[in-house]
Amino acid sequence: MAKSLVSFTIIFAMMFLPLLSNAISQCNGPCRTLDDCEGELICIKGICNDDPEVGSHTCTGGGGGGGGGGGGGGSCHSSGTLRCHGKPYPLYSCSPPVTSSTDAKLTNNDFSEGGEGGDPSECDGKYHDNSVPIVALSTGWYNGGSRCGHMIKITAQNGRSVMAKVVDECDSMHGCDSEHADEPPCDNDIVDGSDAVWSALGLDKDIGVVGVTWSMA
């Protein structure tokens with residue numbers, strides 16, 4: 001009986017250990033080779049983690065500032081990369097879930113004709129006055145234009161808030177062309193506000209990027 005049990009254990013190990021070694025690990029999962037990690041994760045000291053060369057933030061949930069950089073947030077994973085100005089930028093078709101207080105990064109956009117914002121706004125095909133509180137949302141939050149014309153409430157860390165209308169998409173899938181004023185893709189957690197938004201929040205737009213929260217009004 002003992003010999004039969006040992007034999008069964010050996011056969012079981014021979015059958016299933018190869019499958020275990022080929023398992024795809026997620027963030028902080030065990031790994032031995034690059035193929036052991038899912039997506040853009042790489043094996044660093046036996047643990048699946050973000051690839052610093054790509055600039056992804058799947059595990060850390062962080063993100064770069066300005067118009068582009070490594071987005072992140074929850075289960076939203078990069079769908080590829082775009083090399084722009086010699087640097088790889090992750091592409092995102094999704095954004096973190098929208099809640100009653102959604103964390104975001106506020107950036108500044110020029111919505112006027114001839115400005116640095118590129119082509120007219122996606123929602124209405126028009127340019128807009130920067131003295132009006134308006135925003136562009138990352139691709140996932142823009143959601144195919146479903147939020148066009150809707151008002152959102154943006155709250156800064158200083159306690160001040162402002163109501164702003166969604167008029168455009170901050171493209172997280174494309175960039176570095178004339179349509180996007182040669183800017184890299186946006187992060188997936190961007191609220192790109194006009195001068196009026198920054199002014200209403202009492203913020204200096206020259207800072208570039210500021211952490212805020214937002215919600216549907």
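Just so you know, these numbers use all the heavy atoms, side chains as well, and skip hydrogens, waters and symmetry mates. Just so it is clear, the structure is predicted and the values come from calculations on it, not from any experiment.
Contact detail for Phe111 and Asp192: the closest heavy-atom pair is CZ-O, 3.5 Å. When all heavy atoms of Val162 and Pro133 are compared, the pair lying nearest together is CG2-CB, 4.2 Å. The shortest non-hydrogen separation linking Glu122 to Asp168 is N-OD1, 2.9 Å.
Under the side-chain hydrogen bond (donor to acceptor under 3.5 Å, both in side chains) criterion, Asn158 pairs with no residue, sequence neighbours left out. Qualifying side-chain hydrogen bond (donor to acceptor under 3.5 Å, both in side chains) partners for Asp103, counting only residues two or more places apart in sequence or in other chains: none. Residues satisfying the side-chain hydrogen bond (donor to acceptor under 3.5 Å, both in side chains) test with Ser131, not counting sequence neighbours, are Asp129. The side-chain hydrogen bond (donor to acceptor under 3.5 Å, both in side chains) test applied to Ser100 returns no partner, not counting sequence neighbours. In this structure Lys165 satisfies the salt bridge (charged side-chain N to carboxylate O under 4.0 Å, His left out) test with no other residue, sequence neighbours excluded.
Apart from Met151 itself, the hydrophobic cluster it occupies contains Met163, where clustering links Ile, Leu, Val, Met, Phe, Trp and Tyr at side-chain heavy-atom distances under 4.5 Å.
At least one side-chain heavy atom of Pro120 sits less than 4.5 Å from a side-chain heavy atom of Tyr127. Side-chain atoms of Ile154 and Val197, non-hydrogen and from C-beta on, do get closer than 4.5 Å to each other. Using a 4.5 Å heavy-atom cutoff, the side chains of Leu201 and Leu106 are in contact.
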Can you give the donor-acceptor pairs under 3.5 Å from side chains of residues 134-145 to other protein atoms, not counting sequence neighbours?
| from | atom 1 | to | atom 2 | distance (Å) |
| --- | --- | --- | --- | --- |
| Ser138 | OG | Asp187 | O | 2.7 |
| Ser138 | OG | Asp189 | N | 3.4 |
| Ser138 | OG | Ile190 | N | 2.7 |
| Ser138 | OG | Ile190 | O | 3.4 |
| Thr139 | OG1 | Glu169 | OE2 | 2.7 |
| Thr139 | OG1 | Ser172 | N | 2.7 |
| Trp141 | NE1 | Pro96 | O | 2.7 |
| Asn143 | ND2 | Ser146 | OG | 2.9 |

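Residue pairs meeting the side-chain hydrogen bond (donor to acceptor under 3.5 Å, both in side chains) criterion with at least one member in residues 193-208, sequence neighbours excluded, are Asn108-Asp195, Asp195-Lys205. Pairs passing the side-chain hydrogen bond (donor to acceptor under 3.5 Å, both in side chains) check and including a residue from residues 208-217, sequence neighbours excluded, do not occur. Within the structure, salt bridge (charged side-chain N to carboxylate O under 4.0 Å, His left out) pairs that include any residue of residues 89-99 do not occur (at least two apart or interchain). The disulfide bond (SG atoms under 2.5 Å apart) analysis of residues 125-157, with sequence neighbours excluded, yields the pairs Cys123-Cys148.
Within the model, atoms OG1 of Thr99 and CE of Met216 stand 12.5 Å from one another, a figure rounded to the nearest 0.5 Å. A distance of 10.5 Å separates NZ of Lys126 from OG of Ser121, quoted to the nearest 0.5 Å.
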Test side chain to side chain contact (heavy atoms under 4.5 Å, CB included) on Val191 and Thr107; report intermediate values, then the result.
CA-CA 6 Å; Val191 172; Thr107 54; over 6 Å; no
Mind running side chain to side chain contact (heavy atoms under 4.5 Å, CB included) on Asn188 and Met173 for me, showing each step along the way?
CA-CA 9 Å; Asn188 68 341; Met173 288 294 293; over 6 Å; no
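Using modelled atom types, no side-chain atom of Arg160 and backbone atom of Thr155 make a donor-acceptor pair closer than 3.5 Å.
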